[in-house]
Amino acid sequence: MPLEKRYDPKTIEPQLQTFWELAGIYRFVPGDERPVFSIDTPPPTVSGNLHLGHTYSYTHADVFARFHRMRGENVFYPMGFDDNGLPTERLVESQLGITAAEIGRSAFIAKCLQVSEELEQDYQNLWQRLGLSIDWDYTYRTIDECSRKTSQRSFIDLFQEGLVYRQEAPSIWCPSCRTAIAQADVDDLERESQLVTLAFHLENGESLPIATTRPELLPACVAIFVHPGDERYQDIFGQRVNVPIFDQQVTVLQDPMADPEKGSGAVMCCTFGDTVDKHWWYTHQLDHVNAIDQQGNLTEVAGDFAGLSVKKARQAILDTLDQQEYILDRQPTTQIVPVHERCDTPVEYIMSQQWFIRLLDFKEEMLAAGDQIKWHPAHMKARYLTWVENLAWDWCISRQRYFGVPFPLWYCQECGEVILADLEKLPVDPSEDHPNEPCSCGSRKFKPDEDILDTWATSSMSPQIVGRWLCDDDLYQQVYPFSLRPQAHEIIRTWAFYTIAKSHFHFKQVPWNAVAISGWGIAGEGMGKISKSRGGGPSPPLEMIDRYSADAVRYWATSTSMGKDTVISEEKIQIGTKLTTKLWNVARFSERFLEDFDASHGVDKYSIAGINGEHLSPADRWILSRSQRLVRRVSLLLENYDYAAAKSEIENFFWREFADNYLEMCKQRLYGEDMVQREAARAALYHLLLTIIKLLAPFLPYVTEAIFQGIFVKYEPSQSEDVRSIHTSSWPEVNNNLEDDFAELVGETLVEIAVSVRRFKSENGMALGTDIQRLQLSADDDQLAAQLERASSDLISITRAREIDVGNHLDQTLTILLDTRKIKAAIEL
RNA sequence: GGGCGGUUAGCUCAGCUGGUUAGAGCGUUGCGUUGACAUCGCAAAGGCCGUUGGUUCGAGUCCAAUACCGCCCACCA
C-alpha cells in the first residue's frame, strides 16, 4: 500500500500502537539467549495531575530501551505505579475532602485503592499513547500483593541481620501529616521570622541576653550553652538561670558548637528546636521536656499556653514576654526552616518510638557503591555522594499512617517481645492476622504494630519487585543487577539512595550498572500560552499528543540533554512535527523509485553488501561514507546515554546533507534512462533511507514504523533480522569499506559548488530550477578534477547546468562563482 | 558557609580530547512551483563566545580569580 499523500499521525499512531501490542513487539523473552538489557523503571507517584513534564524523562528511558532492543538485546522494560503511602493518602484526602480519622482505617484504604487504580489507567493510557515500548506483562503497584510481600520480607531479613531497630528517640515529625518522617523527606523553606533577644535572669539578678526565633519552646528549655572560649561568659559557666515566664531553672553549660558570633553568643537548648538541641540533649545527658505534641500543639507543660498551636503560642508568649518586659530586642530575619516536603509544614523534633534502618554505620560502603555505578551525566554522582556524606539520621521507616505496607510483626503484651510473621505467610496484615505460636514467654496476647512502612522502604525494592525475586528466580537471575536505572534528579537522595542501600544490605552489590538522571520538563512561558487557550489549567499531555503527535512530543523531550531541566515548549513540539512531515515526504519521494525493485530477498537485497561500488557516483560515495560515520557516532552517543546529541546528529545529516543536497544530486539518475546509473542511485537511496529511519526509530517510533511498514516490509521476511517491525529490526552496522575520506572531500566540494550556484541564482532573483548553459570547474588536484568529471550527473542534477566543463583554468569571460585553492567555478547563463 | 551546573547570534540551545573565516533551530529580511515536501525550498543579515588575568605558536575550548543565574548540601540561636 503506497504511502498516503499526507501523514496523519492522529489516525496512524493509534493503529501502530495497537499493532505493536497485538504483535507483542516489546515482549521480554525469558530464557532467551540474547543478552539482557533490564530497566528499573520509575513507578510514577500517582498524583492525579498529569502534565507534559511527565513525558519528559519517560521518553528518555524509552529511547534507550528501543536502541538496545534494535541492538539485539532482550530488553526487560516493565512499568510500575507508586501508589502506597503518604503521597496517595494526601491525594485522596484532598480530592475527596475526607480524612482517615473521619471515615476509619479500612474505609480509607478502600478509597485509596480505588482512587489510585482509576488514576493509574490514565497513566497507562498516556504511556501507551506516547509510544513507550513497555512490556505490559510486567507491571506492578507498590501496594499490590507482590510488593507488600517483597517489602515485608526485606524488613524481616534486615531485622534478622540486625540492620533495623526500634527506638524511643527524638524523631523528625510532621504535625500536619501526624507521622514521623525521614531525613530525606525534609526540604528547606525560606520564611520571614523574628529574632527576639530575651533577658534570662541569673541567680544574682544579672540579665543574660539570649536570642531565639522560637520563644514557644521556652517551656522546653533545659540548658543554656555558651562557647568554652567566649570571654564574655567565663564567669557564668555552671550557674543557674531562670527561664522567663515559665521559671524553671537551667544550667549554663559550655559546648564548642555554641557560636559566639550568633545572637548574644548564649543560646538556649530546648527539647527539641533543632538537631543541635538533639545533639546537646544526647551528649550532655540533659532532661527531656516535651512541649509540643503530635498535632503540633503545646502540651500541659506550657501552662496557660497549653493546647495552642505552635504559631499561636509563639505570638501569645511573645505578648506575655513583652508585657513582663523580658524582650530586649526584636529583629526581622529571613530564616530557613526544615519542612515536610509533601505539605511544606515546618517539622518538629518529637520524642517517639520508631523503627529505623541503620545507615550511619555504612556511609563508607554507600560511597563505594556510588562509585561502582556509572552516572549519566557524571556530575550527578556528586549529589549522591554529598547526600551520603551528610547523613545525620538513620532511616526512619515507620509512618503513623494507614495506606501502605504494614510492619509484619506483633508485640507480646506480656513481655514486649517482637514476634515476626512467618515468611510463608507474607504479606500479612498484623491487625487481621495473628502469630501461629505463642510468645517464648508463653503469652498468647499480642498487639499488632499499627504503623505502616515508609513508601520508599517498598519502592527501594523495585528491582526485586519487578524482577520477581521471591517467586521467579530464573527471571530474577536474568535481570538483576539491572542494566539501567532511569530517574529524575530530585529523588537521588531517596529512591536512588535507598535502592542502593537495600541492594547493599541484602545482596552486597549495586542494583544497576548505570543510572541515567533526567531533568524536569517544567512549565514556562510557552505553557502560559498553551494553558490560556484552554482556560488556565496546565497542558494535558494527551491533548498535546492529539494536536501534534506522540513523535512530536518525543522530539521535544529528546531535545535537551540528560540531566537538564527544560521548559515545555510548544514551539519545539512543532519543529518535531516538521521533522516527521519531512521524513514522510522524503519517504514518499523515495518510494516511487524503490517499489518496483526485485526485492525478493527482503530488506537484505539492498543491504550495503549488495551495492556494486563500481557504478556509484561521487555523490553516492560521499553520502554513503558520511552515513557510516553517522552510524558510528550515533551508536557511541546512545551507548553513553546522550540521546540529545545523537538525535541532533541524525537530524542534521538527514535534513542538510541527505535531503537538501544528496537527493537533489541523485534525481537525474533516478529519473534518467541509464539503467546502470539508475540502479546504483536506487541502491544508495534504499540503503540511506533505511539507515535514517532506523537511526530515528528510537526517537520517532511511529513515523519511522509507518515508513518501514509502507516501503520496506512488503516483501518476504528477511532471514537475518526480525522485520515484523522496525523496532525489532537490527540497528545499522558500520561498513568500513564505505568509509572514504577522499569521497567525503569530493562530496563537500560538490556541495560547495551547489551552494555557490544557488546563491548566485538567489542573488539574481532566479528560480532554482532555472537552467544554466554551462558550469565550468577547475581544480588543481588531478584526482579531484577526475572525480568532478565523474560527478557531472550529480552536478547537472543539482545545478540545472546543461553542460559541465572541467578544465585547467576558467574562461575569464564567465561569471566567477567560487575561487578557492581547492576549487574554482564559473557559470555561463 | 561548602559543592555542582550554567553564562556563546533577538530567543532556545550545539560546540568531543585546544587548531583554518564560531554552528543549528526559531524569529527577522530577500528570493523562489527544482519532475517528494508551502507543516516547503534557497539565500542574507545578525555574535568583543559574562569579566579580568595566565598557560600556549594558537583558547569559546585548559588554569586562576571574579560577577551574575539555577540547583544540591549544611547546626536554621
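By convention in this document, chain letters (A, B, ...) are assigned in the order of the sequence lines, proteins followed by strands, and residues within each chain are numbered from 1. Just so it is clear, the structure is predicted and the values come from calculations on it, not from any experiment.
Comparing B:A43, B:G41, B:C73 by their closest approach to the side chain of A:Arg758 singles out B:A43. Set against B:A43, B:G25, B:A74, the side chain of A:Ile575 has B:G25 as its closest nucleotide. Here the nucleotide nearest the side chain of A:Arg759, chosen from B:A14, B:A44, B:C75, is B:A44. Across B:A44, B:G25, B:C37, the shortest atom-to-atom separation from the side chain of A:Glu664 is found for B:C37. Taking only side-chain atoms of A:Asp188, from C-beta outward, the nucleotide of B:A43, B:A74, B:C40 with the closest atom is B:A74. Comparing B:A24, B:C72, B:A74 by their nearest atom to the side chain of A:Asn652 picks out B:A24. Between B:C37, B:U33, B:A74, one nucleotide has an atom nearer to the side chain of A:Ala767 than all others, and that is B:U33. Between B:G35, B:C73, B:C26, one nucleotide has an atom nearer to the side chain of A:Lys578 than all others, and that is B:C26. Picking from B:A14, B:C75, B:U34 the nucleotide with the shortest atom distance to the side chain of A:Leu768 gives B:U34.
Note on A:Pro338: a base of the nucleic acid sits closer than 4.0 angstrom, heavy atoms only. Among the atoms of the strands shown, only primed sugar atoms or phosphate atoms (P, OP1, OP2) are found under 4.0 Å from some heavy atom of A:Gln183. Residue-level contact check: A:Arg383 touches the backbone only, with heavy atoms under 4.0 Å from sugar-phosphate atoms and none from bases. Among the protein residues, A:Asn390 comes within range of the sugar-phosphate backbone only, with heavy atoms under 4.0 Å from sugar or phosphate atoms but none that close to a base. If you check every strand for non-hydrogen atoms under 4.0 Å, A:Tyr548 touches nothing. Within 4.0 Å (heavy atoms only), A:Arg214 reaches no atom of the nucleic acid at all. Among the heavy atoms of the strands, none lies under 4.0 Å from A:Ile210. When heavy atoms are screened at a 4.0 angstrom cut-off, A:Thr581 is found touching base atoms of the nucleic acid. Residue-level contact check: A:Trp387 touches the backbone only, with heavy atoms under 4.0 Å from sugar-phosphate atoms and none from bases. Residue A:Ala659 is classed as a base contact, given a heavy-atom separation below 4.0 Å to a base. Contact annotation for A:Thr213: backbone-only contact, meaning every heavy-atom pair under 4.0 Å involves sugar-phosphate atoms and none involves a base.
The aromatic rings of A:Phe658 and A:Phe653 sit parallel, their planes meeting at an angle under 30°, below the 60° perpendicular limit. Between A:Phe225 and A:Trp280, the ring-plane angle classifies as parallel under the 30° and 60° cut-offs.
Each of A:Trp655 and A:Gly263 was assigned the nucleotide of RNA chain B with the nearest heavy atom; the assignment lying further toward the 5' end belongs to A:Trp655.
If you check distances only, the side chain of A:Ser762 never reaches the base of B:G32 with a donor-acceptor pair under 3.5 Å.
Between A:Trp173 and A:His340, a ring centre-to-centre spacing not shorter than 6.0 Å is recorded.
Cation-pi contact between A:Lys647 and A:Tyr555: present, with separation from the ring centre below 6.0 Å and deviation from the ring axis of at most 45°.
Pair check for B:C62 finds B:G54; Watson-Crick or G-U wobble, both atom distances under 3.5 Å.
Look at A:Glu389 and A:Lys363 and you find no salt bridge, because none of the NZ, NE, NH1 or NH2 atoms lies under 4.0 Å from a carboxylate O.
Side-chain contact check for A:Ser617 and A:Arg669: at least one donor-acceptor pair (N or O, by modelled atom type) lies under 3.5 Å.
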